[in-house]
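Heads up, the thing below is written out as structure tokens.
Computed over heavy atoms, backbone and side chain alike; hydrogens, waters and symmetry mates excluded. Order of appearance sets the numbers: ligands from 1, and atoms from 1 within every ligand.
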Amino acid sequence: MAKVLVVYGSRHGGTRGIAERIGEVLRAEGLEADVTAADHAGDVGSADAVVVGSGVYIGNWLKEPLEFIKRNQAALATRPLWLFSSGPLPGSTASKDPSDPLTDALGPEDGPGSGGRKKIAELSAATHPVDNRVFLGAFDPKDPPRAMVERLVRMMPASKDILPPGDFRNWDAIEAWAREIAATLAVPVA
Ligand SMILES: Cc1cc2nc3c(=O)[nH]c(=O)nc-3n(C[C@H](O)[C@H](O)[C@H](O)COP(=O)(O)O)c2cc1C
């Protein structure tokens with residue numbers, strides 16, 4: 001039975017929920033799946049395949065999942081790897097391009113505001129992920145900010161337009177993606 005490690009970075013629990021649902025679906029599909037916060041994840045160990053995801057803040061993945069990938073770059077390059085970003089809040093005026101999920105979440109490939117996207121592109125060039133998916137996120141204004149930059153964005157007069165409140169996570173899309181992962185891993189290596 002293939003063993004999958006699902007690693008996530010999450011400030012407010014939205015991405016953790018996605019990672020946990022992916023783990024549940026993988027287990028329901030007959031795989032072994034461990035779901036771990038990136039700041040507690042050591043190395044890839046005996047996992048046959050790895051899924052890494054992060055909540056997106058100002059066009060960037062959180063540092064813990066980025067560090068997990070950097071630290072395990074060599075091991076990840078030799079295993080099937082899937083990446084996901086959890087971010088866009090539909091209707092946000094900060095939306096970069098709603099027709100292109102990666103640009104919407106992480107910004108353009110080049111030029112101003114491309115730093116977060118470039119970091120993922122560099123890590124992808126070194127690890128060759130099977131897929132790099134974007135899922136809609138969640139924002140609860142009652143949950144206090146966990147970082148200075150979040151505090152500042154929330155204090156801006158336009159914050160209500162930048163951060164539409166709600167849970168927009170699309171569980172059907174998340175579960176379908178997890179089933180795709182399971183199906184890929186079920187195909188025996190020739
Ligand atoms: C201050 C702030 C900045 C954000 N910036 C982005 C962004 O640049 N791109 C994006 O797609 N989502 C952005 N989001 C939305 C979050 O990624 C979304 O709320 C996500 O579900 C958070 O995941 P978490 O709960 O796991 O931390 C931002 C949210 C906040 C509060």
Side-chain angles (χ1 to χ4, degrees), residues 5-25 34-41 50-69 82-124 129 131-175 177-178:
L5 177 64
V6 182
V7 174
Y8 64 86
S10 181
R11 252 188 212 152
H12 292 279
T15 314
R16 182 180 66 233
I18 294 174
E20 282 168 355
R21 185 67 63 90
I22 290 169
E24 282 163 23
V25 172
D34 285 338
V35 181
T36 314
D39 46 356
H40 294 295
V50 182
V51 180
V52 187
S54 179
V56 181
Y57 288 87
I58 324 284
N60 279 278
W61 270 32
L62 295 171
K63 79 172 190 328
E64 295 84 2
L66 286 173
E67 281 169 1
F68 173 82
I69 298 179
W82 284 263
L83 303 181
F84 72 92
S85 302
S86 120
L89 303 169
S92 169
T93 54
S95 177
K96 290 129 201 150
D97 182 355
S99 67
D100 174 358
L102 265 181
T103 300
D104 203 22
L106 295 166
E109 281 180 78
D110 279 305
S114 60
R117 177 88 172 260
K118 281 192 173 141
K119 271 183 219 156
I120 298 297
E122 276 163 28
L123 292 173
S124 296
D131 192 13
N132 185 355
R133 193 61 67 93
V134 175
F135 296 115
L136 297 176
F139 174 61
D140 177 359
K142 289 197 224 77
D143 197 6
R146 305 269 159 91
M148 182 56 78
V149 67
E150 247 189 277
R151 196 178 303 276
L152 293 174
V153 172
R154 290 192 196 197
M155 281 162 56
M156 288 163 63
S159 71
K160 281 201 174 62
D161 301 322
I162 294 172
L163 297 171
D167 186 346
F168 306 98
R169 291 172 294 176
N170 181 338
W171 297 112
D172 286 348
I174 292 160
E175 289 175 5
W177 193 63

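Checked by distance only, ligand 1 and A105 come closer than 3.5 Å through their nitrogen or oxygen atoms. Checked against a 3.5 angstrom limit, the closest N/O atoms of H12 and ligand 1 fall inside it. Inclusion of S86 in the set of residues having an N or O under 3.5 Å from an N or O of ligand 1 is warranted. Checked against a 3.5 angstrom limit, the closest N/O atoms of R16 and ligand 1 fall outside it. Inclusion of V56 in the set of residues having an N or O under 3.5 Å from an N or O of ligand 1 is warranted. Close N/O approach between P88 and ligand 1 is found [any backbone or side-chain N/O within under 3.5 Å].
Using cut-offs of 30° and 60° on the angle between ring planes, the pair H12 and Y57 is tilted.
L163 CG to F139 CZ: the interatomic distance, rounded to the nearest 0.5 Å, is 4.5 Å. The structure places CD1 of I18 at 8.5 Å from OG of S10, a figure rounded to the nearest 0.5 Å. In this structure, the separation between CD1 on I162 and CG on L89 is 11.0 Å, given to the nearest 0.5 Å. One distance of note links CG of L62 with CD of E67; it measures 10.5 Å at 0.5 Å rounding.
Ligand 1 lies within reach of K96, whose nearest heavy atom is under 4.0 Å from it.
Close approach to R11 involves these atoms of ligand 1, each under 4.0 Å from a residue heavy atom: 24 (P), 26 (O), 27 (O). Within the listing of ligand 1, atoms 7 (C), 8 (O) sit less than 4.0 angstrom from a heavy atom of G59. Every atom of ligand 1 is numbered from 1 in the order shown, and the set under 4.0 Å from a heavy atom of T15 is 23 (O), 24 (P), 26 (O). Short contacts between ligand 1 and G137, defined as distances under 4.0 Å to a heavy atom of the residue, involve ligand atoms 21 (O).
With respect to E122 and K119, no salt bridge is recorded, no charged nitrogen being found less than 4.0 Å from a carboxylate O. Salt bridge E150/R154: present, at least one basic N to carboxylate O contact under 4.0 Å.
In this structure a side-chain-to-backbone donor-acceptor pair under 3.5 Å is missing from R117 to L106.
Proximity of V134 to ligand 1, defined as any heavy-atom pair under 4.0 Å, is not found for any part of the residue.
Distance from atom 15 (C) of ligand 1 to its nearest protein heavy atom, with residue and atom name: G87 O, 3.5 Å. In terms of protein heavy-atom proximity, atom 1 (C) of ligand 1 is closest to E150 CG, 3.5 Å. Remark: minimum distance from atom 5 (N) of ligand 1 to any protein heavy atom is reached at I58 N, 3.0 Å.
Nearest to atom 18 (C) of ligand 1 by heavy-atom distance, out of G14, A138, G55, is A138. Residue nearest to atom 30 (C) of ligand 1, selected from D167, L163, I18: L163 (by heavy-atom distance). Of the listed options W61, Y8, Y57, Y57 places a heavy atom closest to atom 22 (C) of ligand 1.
When the options V52, I22, N132 are evaluated for a side chain to side chain contact (heavy atoms under 4.5 Å, CB included) with F84, the one that passes is I22. A side chain to side chain donor-acceptor pair (under 3.5 Å) with D104 is found for exactly one of S85, S95, S92, namely S95.
Between L136 and P90, the shortest heavy-atom contact is CD1-CG, 3.9 Å.
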